[in-house]
Amino acid sequence: MNLVKRTKNTFALTTPLYYVNDLPHIGSAYTTIAADVVARFQRLLGHSVLLVTGTDEHGQKIQRTAEDKGLSPKNFCDRMSASFVSLWQLLNIKYDRFIRTTDPRHEALVKEFFLRVWSGGDIYLGQQKGWYCVSCEEFKEERELLEGYRCPIHTNKQAEWRDEQNYFFRLSKYQSQLEELYQSRPDFIQPESRRNEVVNFVKQGLQDFSISRLNVDWGFPVPTDPHHTLYVWFDALLGYVTALLEPDAQPTLENALSRWWPVNLHLIGKDILRFHAIYWPAMLMSAGLPVPERIFGHGFLTKDGQKMGKSLGNTLDPVALTANYGADAVRYYFLKEIEFGKDGDFNEVRFINVLNADLANDLGNLLNRTLNMVKKYCAGNIPSIASEDIPEDHPLKIIGSQLGKQVEIAYEALAFNQACEAVLKLVQASNKFIDEQAPWSLYKQGQQRATEEVLYAVLESVRLAAYLLSPVIPNISSDIYQQLGFGIDFNEQAQIASAAPFAIHSKWGLLTSKQTLGEPRPVFKRIQSLK
Ligand code: MSP
């Protein structure tokens, strides 16, 4: 198969394909927000971007849940899948593809892939004995289980004993190839701690894993033996490939892989690392296909310091949270407050405090009061100052001149909190600057030029901050840009790179007196504190 070499100008990334046994939870929202921020940032850079998300709809867990609800699996999946689509709309996620693993085109692709691996001799029939956690859809080692054979992740669920004939994938054959991959491409698995986890696991020796089930109907039949149903993970991982098909293309591997494969990034949570960093590359190697460029496993979210779960009754509903506080607020909190890759916590008081401090006070008030001063002291026009005339040692120019590069590096590294913090430093320095310079007294003293210089430098800093935060808070950034007289909407993703190219808009000093300022209005309303 001839894979067209991907040009540097494209960037494809995926979220996990979410199980539809339940409504979307905050964990799914977290990965998807992060993926959307990466996609938006890559679009600013002018890349052609493909953001893939979707739902994973086969397997025993979903079959059972549908049965419990008295629905046919397909009917149940249709309803549940729609709830993901509507949450992504609410959260302002601009995805390009939404793949459902029940899509008939997916079956054709899975079949072709299976047959390739089959003809390579990597699939054989064997006896599977072991403890299976239906909620994880994964066999567990007995030593991993808690008392009463309970799953360490789904602590209220017992693993089930299985002893049946299954087809196996020869994972053990790929041990050294995988080790070589991890060694030659140290960035393949990130962050470093997850990479070490995988490397250590593989070092202990890999065992073949079963890729078919006997007593599950809800899935694709094994192409060479329809009494068996394909294991949900074998089919789900291939969803990433089916998603790459152009809408009108024939469902063949060649078509699916021609433009966007290998994808640049699989974003996942830490619990599904082995599937992505071990099983998936081995499956691809077996089919003679290139492996993805990078896999990033983020941490888990807790609420008020506790593991979230239905049994604990402390789940955090992403729909209610977003409906209450807005998409930008939710996006900002999770990305600014938690180091991506580490576990992080949600606490509503902290949530409100962070948003009020950063978005309402530091950023929003700064814009508002500066625009009002421009109205009063400069007849409502951006002062006619050329950024070249502002000395190089101007405190805001110093920070602003390096910020674009610094934030670019942070986004590339998925260090979202660092990107946000770096921008916030400029915003905070601007607040300090305006307080120290006191343009209101400069104006009173008749120092018009000095007044204008202060206001220009601050407005320009707010503009730059809005631009660099636009992947995270696109609505607020658009609002700021509009008040600064730009007809730019950061949600217009198709045109964003031509309307506001990174090379130009990420530099301090872009604002000119040609811009006609809009009416000042608050960009983020202060949230009332909880009682
Ligand atoms: N269907 C599989 C993925 C197949 S990908 C080909 C799956 N689905 S899932 O819906 O159970 O989980 C999706 C994602 O949510 C995972 O990345 C998981 O890490 C993440 N999270 C689940 N609970 C979480 C938290 N409490 N916190 C953060 N993310 C968590 O696995």
Side-chain angles (χ1 to χ4, degrees), residues 13-35 52-62 65 77 80-81 83-84 87-88 97-102 106 109-110 113 133-138 151-155 157 194 218-219 230-244 263 265-281 283-284 292 295-312 314-318 321 330 334-335 337-346:
L13 76 163
T14 66
T15 73
L17 307 183
Y18 302 108
Y19 283 132
V20 290
N21 62 302
D22 212 340
L23 293 170
H25 54 70
I26 198 73
S28 346
Y30 182 50
T31 329
T32 312
I33 292 170
V52 170
T53 188
T55 41
D56 183 358
E57 306 190 355
H58 287 136
Q60 188 154 24
K61 169 159 70 172
I62 289 158
T65 318
C77 290
M80 299 305 280
S81 186
S83 64
F84 284 83
L87 176 59
W88 303 156
R97 298 282 161 78
F98 190 99
I99 173 74
R100 296 182 58 188
T101 56
T102 46
H106 182 51
L109 243 106
V110 169
F113 186 91
C133 170
V134 176
S135 295
C136 292
E137 294 281 14
E138 187 180 17
C151 166
I153 297 177
H154 304 94
T155 48
K157 300 267 165 64
R194 306 251 184 276
W218 184 234
L230 263 187
Y231 172 41
V232 55
W233 268 99
F234 192 89
D235 129 28
L237 288 161
L238 282 162
Y240 294 142
V241 174
T242 306
L244 306 181
V263 297
L265 175 65
H266 285 314
L267 270 185
I268 56 166
K270 64 180 181 180
D271 55 328
I272 52 175
L273 188 63
R274 282 183 201 171
F275 291 102
H276 285 81
I278 304 174
Y279 293 14
W280 181 222
M283 285 163 61
L284 290 163
I295 296 161
F296 194 103
H298 65 68
F300 257 45
L301 302 176
T302 53
K303 187 165 172 227
D304 306 320
Q306 276 198 313
K307 191 174 169 221
M308 267 182 260
K310 283 211 176 135
S311 46
L312 285 168
N314 67 342
T315 50
L316 177 61
D317 174 11
L321 190 69
V330 176
F334 284 109
L335 295 193
E337 279 301 289
I338 298 166
E339 183 181 336
F340 202 61
K342 297 249 170 79
D343 292 348
D345 191 49
F346 176 87

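Atom set for the values below is all heavy atoms of this structure, side chains included, hydrogens, waters and symmetry mates excluded. Both counts, for ligands and for their atoms, begin at 1 and track the order of listing.
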Asks: How close do C136 and W233 get, counting heavy atoms only, and between which atoms?
Replies: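 The pair with the smallest heavy-atom distance is O-NE1, 3.8 Å.
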Asks: Centroid-to-centroid, F340 to F296, below 6.0 Å?
Replies: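 That pair passes the under 6.0 Å test.
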Asks: Do ligand 1 and K270 have nitrogen or oxygen atoms that lie under 3.5 Å from each other?
Replies: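 K270 vs ligand 1: no N/O contact under 3.5 Å.
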Asks: For L17 and G239, which heavy atoms make the closest approach, and how far apart are they?
Replies: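 Residues L17 and G239, closest heavy atoms: CD1-CA, 3.8 Å.
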Asks: Counting non-hydrogen protein atoms only, what is the nearest one to atom 31 (O) of ligand 1? Give residue, atom name and distance.
Replies: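 Answer, as residue, atom name and distance: I272 CG2, 3.5 Å.
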Asks: With atom 7 (C) of ligand 1 as the reference point, say which of F346, F275, Y19 has the nearest heavy atom.
Replies: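 Shortest heavy-atom distance from atom 7 (C) of ligand 1: Y19.
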Asks: Considering only heavy atoms, which of G27, P16, A29, P24 lies nearest to atom 20 (C) of ligand 1?
Replies: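 Comparing heavy atoms across G27, P16, A29, P24, the nearest one to atom 20 (C) of ligand 1 lies in G27.
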Asks: Checking a contact table here: which protein heavy atom is nearest atom 3 (C) of ligand 1, and how many Å away?
Replies: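 Nearest neighbour among protein heavy atoms for atom 3 (C) of ligand 1, to 0.1 Å: L17 O, 3.2 Å.
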Asks: Relative to the heavy atoms of D56, which atoms of ligand 1 are at a distance of less than 4.0 Å?
Replies: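 Near D56, the atoms of ligand 1 are 1 (N), 2 (C), 4 (C).
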Asks: Using every non-hydrogen atom in the two residues, find where D345 and G305 come nearest and quote the distance to one decimal.
Replies: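 D345 and G305 have their closest heavy atoms at OD1-N, 2.7 Å.
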Asks: List the closest protein heavy-atom neighbour of atom 22 (C) of ligand 1: residue, atom name, distance to the nearest 0.1 Å.
Replies: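 I find the closest protein heavy atom is H25 CE1, 3.2 Å.
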Asks: Ignoring hydrogens and geometry, is there a side-chain-to-backbone donor-acceptor pair from R194 to G341 under 3.5 Å?
Replies: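 Yes; judged by distance alone, with no hydrogens or angles, the pair exists.
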Asks: Do the side chains of K61 and E137 get close enough for a salt bridge, i.e. N-O under 4.0 angstrom?
Replies: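 No.
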Asks: Could you state the interatomic distance from OG1 (T15) to NE2 (H266), rounded to the nearest 0.5 Å?
Replies: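 It comes to 11.0 Å.
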Asks: Between H298 and T31, does any side-chain donor sit less than 3.5 Å from a side-chain acceptor?
Replies: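 Side chains of H298 and T31: pair found under 3.5 Å.
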Asks: Please say whether F300 places an N or O atom under 3.5 Å from an N or O atom belonging to ligand 1.
Replies: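 Among all N and O atoms of F300, none is under 3.5 Å from an N or O of ligand 1.
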Asks: Below 4.0 Å from any atom of ligand 1, is there a heavy atom belonging to H298?
Replies: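 Contact present.
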Asks: For atom 17 (O) of ligand 1, grab the closest protein heavy atom and report residue, atom and distance to one decimal in Å.
Replies: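 So the nearest neighbour among protein heavy atoms is G269 N, 2.8 Å.
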Asks: What is the minimum heavy-atom distance between G299 and Y30, and which atoms define it?
Replies: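 So the two residues come closest at O-CE2, 4.2 Å.
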Asks: Which protein heavy atom lies closest to atom 26 (N) of ligand 1, and at what distance to 0.1 Å?
Replies: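 Ranked first by proximity to atom 26 (N) of ligand 1 is L301 O, 3.3 Å.
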Asks: Which pair of heavy atoms, one from L267 and one from A34, lies closest together, and at what distance?
Replies: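 So the two residues come closest at CD1-C, 3.9 Å.
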Asks: Provide, to 0.1 Å, the distance between atom 18 (C) of ligand 1 and the closest protein heavy atom, together with that atom's residue and name.
Replies: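 Ranked first by proximity to atom 18 (C) of ligand 1 is D271 OD1, 3.2 Å.
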Asks: Out of curiosity, is G299 lining ligand 1, as in a heavy atom under 4.0 Å away?
Replies: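 Checking ligand 1 against G299, which is what was asked, there is a heavy-atom contact under 4.0 Å.
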Asks: Could you tell me whether ligand 1 has any atom less than 4.0 Å away from a heavy atom of Y240?
Replies: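 It does; at least one heavy atom falls under 4.0 Å.
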Asks: For ligand 1, which is the ligand I care about here, please tell me if I268 has any N or O atom under 3.5 Å from one of the ligand's N or O atoms.
Replies: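 For ligand 1, there is no N or O atom that lies under 3.5 Å from one belonging to I268.
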Asks: Flag Y18 as yes when one of its N or O atoms lies below 3.5 Å from any N or O atom of ligand 1, and as no otherwise.
Replies: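 No, no N or O pair falls under 3.5 Å.
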